[in-house]
Q: 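This is the structure, below, for whatever I ask next.
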Amino acid sequence: MAKNVSLVFSGYWRDSRKDGLPKESGIYLVYAGTPKPNNIVDLRQLLYIGESSNVHDRIAEHDRYEDWKKSLKKGELLYYVVAPASKEERTLAEAALIFRYKPPYNEEYVDNYPFQPVKLTLSGLDKEKNLPPFLYKDNKGVTHYMEPSLLIESSTKVTA
């Protein structure tokens, strides 16, 4: 039987304002994006998915930070989103999200999901539509989001 995990994301924090990130247990996503007027961000790509008992401190001291910065195009900044999660939820959710979406700066879990089955419910960033986190923008400019419901049963079975 799959473990149910619900992640409610909040954000987006600009890299220059990452001191405002929560000092709590959770999952975090790192994005490349361009700032727009009225506190709007045009996100281009999901770069990394991580988990920590203290998201603020983990991001502040992350060993991949310079790699993320090098991947930015002219005018882009790093942005972060966070969902609170317990230790067990963090481990399962991080592995499942990495396995499903394969961000370019993640290495572990990209080809293997080694844990119990998990059913993720993702929400929280679009106040009107309650959409899950942004995934990427394709070459036609179409925005793609993570599926709002995702079942990872093994390294060979993913149901969206």
Side-chain angles (χ1 to χ4, degrees), residues 2-36 38-62 64-65 67-69 71-72 76-106 108-110 113 115-138 142-152 158-160:
K3 166 89 173 157
N4 288 315
V5 176
S6 179
L7 298 176
V8 180
F9 287 90
S10 61
Y12 296 92
W13 283 270
R14 286 184 185 187
D15 191 45
S16 62
R17 296 186 180 151
K18 66 184 171 199
D19 281 347
L21 286 164
K23 295 183 177 191
E24 64 185 16
S25 174
I27 297 287
Y28 60 92
L29 311 178
V30 181
Y31 291 95
T34 307
K36 300 291 181 192
N38 301 319
N39 286 326
I40 295 172
V41 57
D42 184 16
L43 297 173
R44 177 180 58 86
Q45 182 182 22
L46 172 64
L47 300 174
Y48 187 84
I49 297 169
E51 63 86 15
S52 179
S53 60
N54 182 324
V55 170
H56 173 275
D57 291 353
R58 178 67 177 124
I59 289 174
E61 301 165 359
H62 207 286
R64 299 301 305 260
Y65 179 78
D67 295 330
W68 302 337
K69 294 282 284 184
S71 73
L72 298 176
E76 287 186 335
L77 303 171
L78 292 175
Y79 289 87
Y80 309 98
V81 300
V82 176
S86 70
K87 170 70 173 144
E88 180 187 15
E89 291 172 335
R90 290 190 337 247
T91 301
L92 295 173
E94 178 199 36
L97 290 171
I98 292 169
F99 180 68
R100 175 68 178 104
Y101 298 112
K102 302 177 185 347
Y105 291 100
N106 284 99
E108 192 173 21
Y109 309 125
V110 172
Y113 177 76
F115 301 109
Q116 75 183 73
V118 64
K119 182 175 190 269
L120 298 178
T121 303
L122 310 175
S123 64
L125 290 174
D126 184 305
K127 290 181 176 40
E128 292 176 15
K129 299 175 189 167
N130 201 29
L131 291 172
F134 171 90
L135 187 55
Y136 66 94
K137 195 172 281 188
D138 68 21
V142 176
T143 302
H144 297 268
Y145 293 89
M146 293 178 171
E147 295 93 349
S149 182
L150 183 63
L151 175 64
I152 308 283
V158 177
T159 309

Q: Distance from Ser25 atom OG to Glu88 atom CD, nearest 0.5 Å?
A: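 Ser25 OG to Glu88 CD: 11.5 Å, rounded to 0.5 Å.
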
Q: Measuring from atom CG of Leu77 to atom CZ of Arg17, what distance do you get when rounded to the nearest 0.5 angstrom?
A: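 Here the rounded value is 10.0 Å.
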
Q: Report yes or no: do His62 and Tyr105 form a side-chain donor-acceptor pair below 3.5 Å?
A: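 His62 vs Tyr105: no donor-acceptor pair found between side chains.
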
Q: Side chains of Thr34 and Arg44: any donor to acceptor distance under 3.5 Å?
A: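 Distance-only check fails for Arg44 and Thr34.
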
Q: Evaluate the side chain to side chain contact (heavy atoms under 4.5 Å, CB included) criterion for residues Val82 and Ile27: first the C-alpha distance (whole Å), next the side-chain angles of each, then the deciding distance (0.1 Å), finally the verdict.
A: CA-CA 6 Å; Val82 176; Ile27 297 287; over 6 Å; no

Q: Taking the ring centre of each residue, are Tyr79 and Trp13 less than 6.0 Å apart?
A: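 Here the rings of Trp13 and Tyr79 have centres that are no less than 6.0 Å from each other.
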
Q: Determine whether Val41 and Lys36 satisfy the following criterion, side chain to side chain contact (heavy atoms under 4.5 Å, CB included), listing intermediate values before the conclusion.
A: CA-CA 5 Å; Val41 57; Lys36 300 291 181 192; over 6 Å; no

Q: Please examine the side chains of Leu120 and Ile152, heavy atoms only from C-beta on, and report whether any two atoms are closer than 4.5 Å.
A: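 A side-chain contact is absent here, since even the closest heavy-atom pair is not under 4.5 Å.
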
Q: Side chains of Thr121 and Leu7: does their closest heavy-atom pair fall under 4.5 Å?
A: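 When only atoms from C-beta onward are counted, Leu7 and Thr121 do not touch, as no gap falls below 4.5 Å.
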
Q: Using a 4.5 Å cut-off on heavy atoms from C-beta on, say whether the side chain of Val110 contacts that of Phe99.
A: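 Result no, sub-4.5 Å side-chain heavy-atom pair not found.
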
Q: Taking the side chain as everything from C-beta on, heavy atoms only, tell me whether Leu47 gets closer than 4.5 Å to Leu78.
A: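 Leu47 vs Leu78: side chains touch.
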
Q: For a quick test of reading the model, state the closest non-hydrogen atom pair linking Arg90 to Ala85 and the distance between them.
A: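 For Arg90 versus Ala85, the nearest heavy atoms are CG-O, 3.6 Å.
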
Q: Hey, does Lys119 have a side-chain heavy atom less than 4.5 Å from the side chain of Val5?
A: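 With C-beta onward as the side chain, the pair stays apart.
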
Q: Using atom types as modelled and distance alone, determine if a side-chain donor or acceptor of Glu94 lies under 3.5 Å from a backbone N or O of Thr91.
A: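 Not confirmed, Glu94 side chain does not pair with Thr91 backbone.
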
Q: List the steps and the verdict of side chain to side chain contact (heavy atoms under 4.5 Å, CB included) for Tyr48 and Trp68.
A: CA-CA 8 Å; Tyr48 187 84; Trp68 302 337; 3.5 Å; yes

Q: For the CZ atom on Arg64, are there more than 12 heavy atoms of other groups (residues, nucleotides or ligands in this structure) within a distance under 6.0 Å?
A: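 For Arg64, atom CZ is crowded (more than 12 foreign heavy atoms under 6.0 Å).
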
Q: Report the distance from atom OG of Ser71 to atom CD of Glu76, rounding to the nearest 0.5 Å.
A: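 Answer rounded to 0.5 Å: 7.5 Å.
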
Q: If you round to the nearest 0.5 Å, how far is CG of Asn54 from CD1 of Ile59?
A: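 So the CD1 of Ile59 and the CG of Asn54 are separated by 9.5 Å.
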
Q: Can you confirm whether the side chains of Tyr65 and Asp15 place a donor and an acceptor under 3.5 Å from each other?
A: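 There is such a pair (donor and acceptor under 3.5 Å, judged by atom type) between the side chains of Tyr65 and Asp15.
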
Q: Looking at NE2 of His56 and CG of Asp19, how far apart are the two atoms once the value is rounded to the nearest 0.5 Å?
A: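 So the gap between those two atoms works out to 4.5 Å.
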
Q: Regarding Ser53 and Lys87, is there a side-chain donor-to-acceptor distance under 3.5 Å anywhere?
A: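 Their side chains do not contain a donor-acceptor pair, so the 3.5 Å distance test is not met.
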
Q: Would the Tyr109 and Phe115 ring centres measure less than 6.0 Å apart?
A: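 Yes: the rings meet the under 6.0 Å criterion.
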
Q: Taking the side chain as every heavy atom from C-beta outward, state whether Tyr101 and Leu150 have any pair of such atoms under 4.5 Å apart.
A: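 Yes; the side chains approach each other to less than 4.5 Å.
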
Q: When rounded to the nearest 0.5 angstrom, what distance separates CD1 in Ile49 from CD in Glu108?
A: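 If we round to the nearest 0.5 Å, Ile49:CD1 and Glu108:CD are 13.0 Å apart.
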
Q: Are Val118 and Tyr113 close enough, and set up right, to give a side chain to side chain contact (heavy atoms under 4.5 Å, CB included), and what steps lead you there?
A: CA-CA 10 Å; Val118 64; Tyr113 177 76; 3.2 Å; yes

Q: Taking the side chain as everything from C-beta on, heavy atoms only, tell me whether Pro104 gets closer than 4.5 Å to Gln45.
A: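 Yes, close enough: below the 4.5 Å cut-off.
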
Q: Any heavy-atom pair between the side chains of Tyr28 and Arg58 that's under 4.5 Å?
A: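 Yes, their side chains come closer than 4.5 Å.
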
Q: Which heavy-atom pair separates Pro22 from Val55 by the least distance, and what is that distance?
A: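 That closest heavy-atom pairing would be O-CB, 3.8 Å.
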
Q: Locate the shortest heavy-atom distance separating Phe9 from Leu122; write the atom from each residue and the value.
A: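 Minimum heavy-atom contact is CE1-CD2, 4.0 Å.
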
